[in-house]
Amino acid sequence: MIGTTVGGTPAPGVRRVGPVTRAPEVTVAPYAMVRVAGVTLPEPSAVTEEFRGVAARLLELTARAERMAAALADVLHEGVVRAASDQRRVLLALRRDVHNGRSPSAASRTRLAGWTDHLPGLASWLGLRDDIDRQTAELDALLAPALAADRVALAELCRAEELSRAVALTSVDLLRALRRAAEQGPAPDDRARKSEATVLRYALRAATRTVPLSWFTRVGWGRWDGPVPDPTGSPEVVAVANADRATLSALVHAVLRHPDRRGDLPHTLAPGLRVDGAVIRLRRQTPAPDAPPGVQREEALTLPLSRALRHLLDLLEPGGVATPHQLATELATRLPRPASQASAAARAYLHALVEQGVLRPAYPVDPQAVDGLAAVADWLAGIGLADVAVSLREIDARTTAFAGLDATGRPAALAGLRSRWDAAFALLGADRTGRPQPLTEDVTLVRPVGLGRAHGRDHRGTLAALTPLFELFDQHAVVRRLARDRFVARYGVGGRCGSPTEFAEEYGAVWQATHLVGVDGTLDPTLDLAPGDELRELARLRADLVAAVTTDDDGNLAVPDGLPDAVAPRLPRWLTSRPGSYAVFGQSCHDGASFCVNHVYGGWGRFTSRFLRQLPPEAETAVAAQLRRHLGARVAQLRPVNGFNGNLHPLLVGDEIADDRRHGTLVPDDLHLVHDVATDQVRLVVTATGEPLDVVYLGFLVPLMLPERLTSMLTDVGTGSVGPGGAMAARQLRRTPVGPVWCRPRLRYREVVLSRAEWRLSADIVAAWRAELDARPAEVGRTAVRWRHLLGLPEHVFVSAAAVEGAKGLTAFMSYLEQPRSQYVDLASALHLRCLSRTLARYPDGVVLEEALPAPRPGQPATEVVIELYRTGTDG
């Protein structure tokens, strides 16, 4: 295990923020998760390489001609001034050709006879133009054979069983298109050509992206001190299919909400319900038509505390359950009326409480149950719905068997599952319309991976040294500070809040306000801060670090050597007082000499935990030990599923917080919030014992998508998405012949690339590029070279949607969810160029082009590693 104590002397331009504290120790977890692309790009053909080589030479010649053109234009200007009128026309025409980067016509060449000896640089420029014309003609001639060769390579990819299995889970039509591409190879018919761009996109998704989804990606786990296996060996994999929990939850709620059954089903108090003098306050779910699917919204409700309601609260302790009929019977005995009237009145009262949300049906099984379908089936059988239970058990068996099916058998199996789910809902008088796929599938490596140089082993020390920057540019820091300030303003320094849900609305507002403090150090003028406010100081330190970035001779950016060490002891004490953890997603370059960071997110094992039940058993043991090593004496896990399969993961610590005592050791009402003066943080405390409690949430749903009442627990030791590269590598406006383009240079610290170079193209520029591609389809090779030259683009890029300008909070998040995902594009591939216009059309609001570093390599699967960093707290 690597331990790096960060500290040192101040770097130039970096001011001290707050008192200097002992530098926290940063360590790298002894394990890492590995994500491997499902298929590998095939080796290129000779003609494909020839097309690429000609494009590269043409690009080089074009750049040389442009560099020469500036001096030649000055020479021509002077020549025009001195020339006679008939000569002036010849030179003006030549000057226009030089300015526009085009070869003179044959007639102009004739008129220029003899001028090459008198105009310095003209002969060399004309020679370059001749070379450019020859290379352009050769590139045009190679387009058709190169396109055919690329289609042969695509057909090879489309014949991969892994790709077919993944696509079968996505779309039957897409699977058919995949098979057509595999069969027709170099000569696709019209129908195959119409779907070619889509087929290529999914094939490239399987070969170049490592986001886990079915057979698109294989997930593994390994240790840094383990043996490194022979890379030529074929790793053994296992696929596991799980029923979609959103569909299962919808079916359960169809039973719970049925008016004829509600009275006999256990109910519980609304979560967070509390007595406040003569009223009760609670939060209940409410429709959110403007929110993305799965987002839960809540509204605050206040009701008078009647004697009947007081008695009901005495009967139902927080987290307890009882049926409305049982509660009605208890209440009826206290009513001064005849038994029949009392019973009717009590039932009507309980019905009104259910409608108001004071009481709600208790979920009948543990939401995190590994065998969720079987558990629900047993419950259904127990309440007299044996026919629905039988249907669910059949669905369970078919879902489990699905992972073993080849691509050919999958469409029929999926159709059968949908039909059986529809039938199960129909038995309850409900509708399954609008539900997603009936299952999800994960593919994992059976044996531990030996983590070596190719996984970033040699770069762990540098990543650990970068932790102070991750800490500083983490917007969760803003969340925690804004929440602390609101808490202290409401309850005072060292104050106490009786229940985590009491402060929920404040946290909800905080999550919507993180944009007020920019990652680059800008402050929103609407944020009312005192001159010495900690957030103001945090923003200043961010701005200082952005200003400290240097530029090298190639125009790339660099974080000065030792800057993170100098920053570490100057981080605000409140920022480092609690422990922290980050997950660094990245890839080693092909030579292993450098490491490229893809993302930095909150750590604590989140990106490993989802797969622990499928990974080797030692993985769960190691992750749990890592959490215990870095968290407090008592730790609880928060595991809301919210209908999302990615939020299913094992319990790794001793306690779990749940709404229902049957599903956890603690309920929110067992806890209270305090302002802990020692750490200057809002902390959770177990009310009965006074113990401070560390709460970890390892799910993937962001707080904006979860019930608002949970937000005060989600951020306890929360660390979030970090973009130090994006913050420190500021965008620069570059004027180009096609219009203004926002560019961002590559940024590195030592051998670690923190952000890749990128170019943001407006919708108008993208439209112009597409129009040129569509107007001359036989010349897409030369068009690509021209645009690469104009924009300064590399050969390999990823294309993604440009973020919506000005979008903030939930609006920005919804916009992100609706955007098409990124796609790899090889700007020297005939097939990629043929499909480029349609690729760009997927991003109507503009695109971001990011250099593909490292570029996908034929014969080698794209591999991404998730390295976890852990930081000790400096107080408490």
Side-chain angles (χ1 to χ4, degrees), residues 245-273 280 282-287 296-299 301 303 306 308-309 311-335 339-367 369 372 375-389 391-392 424-432 435 641-643 658-663 667 707 709:
R245 287 301 173 102
T247 303
L248 180 61
S249 180
L251 184 137
V252 170
H253 282 99
V255 178
L256 296 179
R257 293 167 182 157
H258 196 285
D260 294 339
R261 296 188 175 276
R262 280 194 305 199
D264 295 316
L265 297 175
H267 279 57
T268 187
L269 293 172
L273 185 149
I280 62 168
L282 65 142
R283 304 186 67 79
R284 64 179 179 184
Q285 291 183 18
T286 184
Q296 294 187 16
R297 285 289 164 265
E298 294 179 331
E299 61 180 354
L301 184 67
L303 295 174
S306 62
L309 189 51
H311 182 57
L312 179 67
L313 298 183
D314 292 338
L315 292 173
L316 274 179
E317 64 175 11
V321 296
T323 70
H325 285 170
Q326 291 171 333
L327 295 172
T329 300
E330 288 287 338
L331 289 178
T333 60
R334 294 177 173 255
L335 293 178
S340 59
Q341 294 180 5
S343 178
R347 285 197 301 271
Y349 179 64
L350 266 296
H351 177 77
L353 292 181
V354 172
E355 292 298 315
Q356 290 170 326
V358 177
L359 288 174
R360 68 170 194 175
Y363 203 78
V365 300
D366 184 351
V376 172
D378 290 344
W379 169 69
L380 290 171
I383 62 172
L385 293 173
D387 51 351
V388 186
S391 183
L392 275 196
F425 274 82
L427 289 171
L428 298 171
D431 187 3
R432 197 185 73 91
R435 298 293 165 193
V641 177
N642 204 31
D659 288 331
D660 192 328
R661 290 198 187 278
R662 297 172 300 171
H663 307 148
V667 297
R709 57 188 166 78

Compare every heavy atom of L331 with every heavy atom of H311, then report the nearest pair and how far apart it is.
-> CD2-CD2, 3.4 Å
Given side chains that start at C-beta, do those of L282 and I280 come closer than 4.5 Å, heavy atoms only?
->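 Yes. Closest side-chain heavy atoms under 4.5 Å.
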Taking all heavy atoms of A346 and all of A328, pick out the closest pair and write down the distance.
->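 Result for this residue pair: CB-O, 3.3 Å.
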Would you be so kind as to tabulate the donor-acceptor pairs closer than 3.5 Å made by side chains of residues 250-259, with sequence neighbours excluded?
| from | atom 1 | to | atom 2 | distance (Å) |
| --- | --- | --- | --- | --- |
| H253 | ND1 | S249 | O | 2.9 |
| H253 | ND1 | S249 | OG | 3.3 |
| H258 | ND1 | D260 | N | 3.2 |

R347: what forms a salt bridge (charged side-chain N to carboxylate O under 4.0 Å, His left out) with it, not counting sequence neighbours?
-> none
Could you please spell out the steps behind the side-chain contact (heavy atoms from CB on, under 4.5 Å) verdict for L385 and L428?
-> CA-CA 9 Å; L385 293 173; L428 298 171; 3.9 Å; yes
For the residue pair D659 and T268, establish whether any side-chain heavy-atom pair is separated by less than 4.5 Å.
->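 They are not in contact (no side-chain heavy atoms under 4.5 Å apart), so the answer is no.
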Verdict with reasoning, Y349 to S306, per side-chain contact (heavy atoms from CB on, under 4.5 Å) = CA-CA 12 Å; Y349 179 64; S306 62; 3.4 Å; yes
Of all residues at least two apart in sequence or in a different chain, which pass the salt bridge (charged side-chain N to carboxylate O under 4.0 Å, His left out) check with D431?
-> none
Distance from D660 atom CG to D366 atom CG, nearest 0.5 Å?
-> 9.0 Å
Hey, are the side chains of L309 and L353 touching, using non-hydrogen atoms and a 4.5 Å cut-off?
->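 Of all side-chain heavy-atom pairs linking L353 with L309, at least one is under 4.5 Å.
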Please name the pair of heavy atoms, one in G357 and one in A270, separated by the smallest distance, quoted to 0.1 Å.
->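 Heavy-atom minimum between the residues: O-CB, 3.2 Å.
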When rounded to the nearest 0.5 angstrom, what is the spacing between CG in L316 and CD in Q326?
->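 Answer for the CG-CD pair, L316 versus Q326, is 9.5 Å.
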At their closest point, which heavy atom of V321 faces which heavy atom of A362, and how far apart are they?
-> CG1-CB, 3.8 Å
Calculate, to the nearest 0.5 Å, the distance between atoms CG and CG belonging to L392 and L427 respectively.
->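 It is 9.5 Å, given to the nearest 0.5 Å.
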Say you draw a straight line from CG of L265 to NE2 of H325; how long is it, rounded to the nearest 0.5 Å?
->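 Going from CG on L265 over to NE2 on H325, the span is 9.5 Å.
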What's the shortest heavy-atom distance between H663 and V365, and which atoms?
->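 Shortest heavy-atom separation between H663 and V365 comes out as CE1-O, 3.2 Å.
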H267 and R360: side chain donor to acceptor below 3.5 Å |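 H267 vs R360: no donor-acceptor pair found between side chains.
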Could you tell me whether the side chain of R662 and the main chain of Y363 form a donor-acceptor pair under 3.5 Å?
->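 The answer is yes, because a donor-acceptor pair under 3.5 Å joins these two groups.
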Starting from the C-alpha separation in whole Å, work towards a yes-or-no answer on side-chain contact (heavy atoms from CB on, under 4.5 Å) for D264 and T323.
-> CA-CA 6 Å; D264 295 316; T323 70; 5.6 Å; no
Hey, are the side chains of L273 and L313 touching, using non-hydrogen atoms and a 4.5 Å cut-off?
-> yes
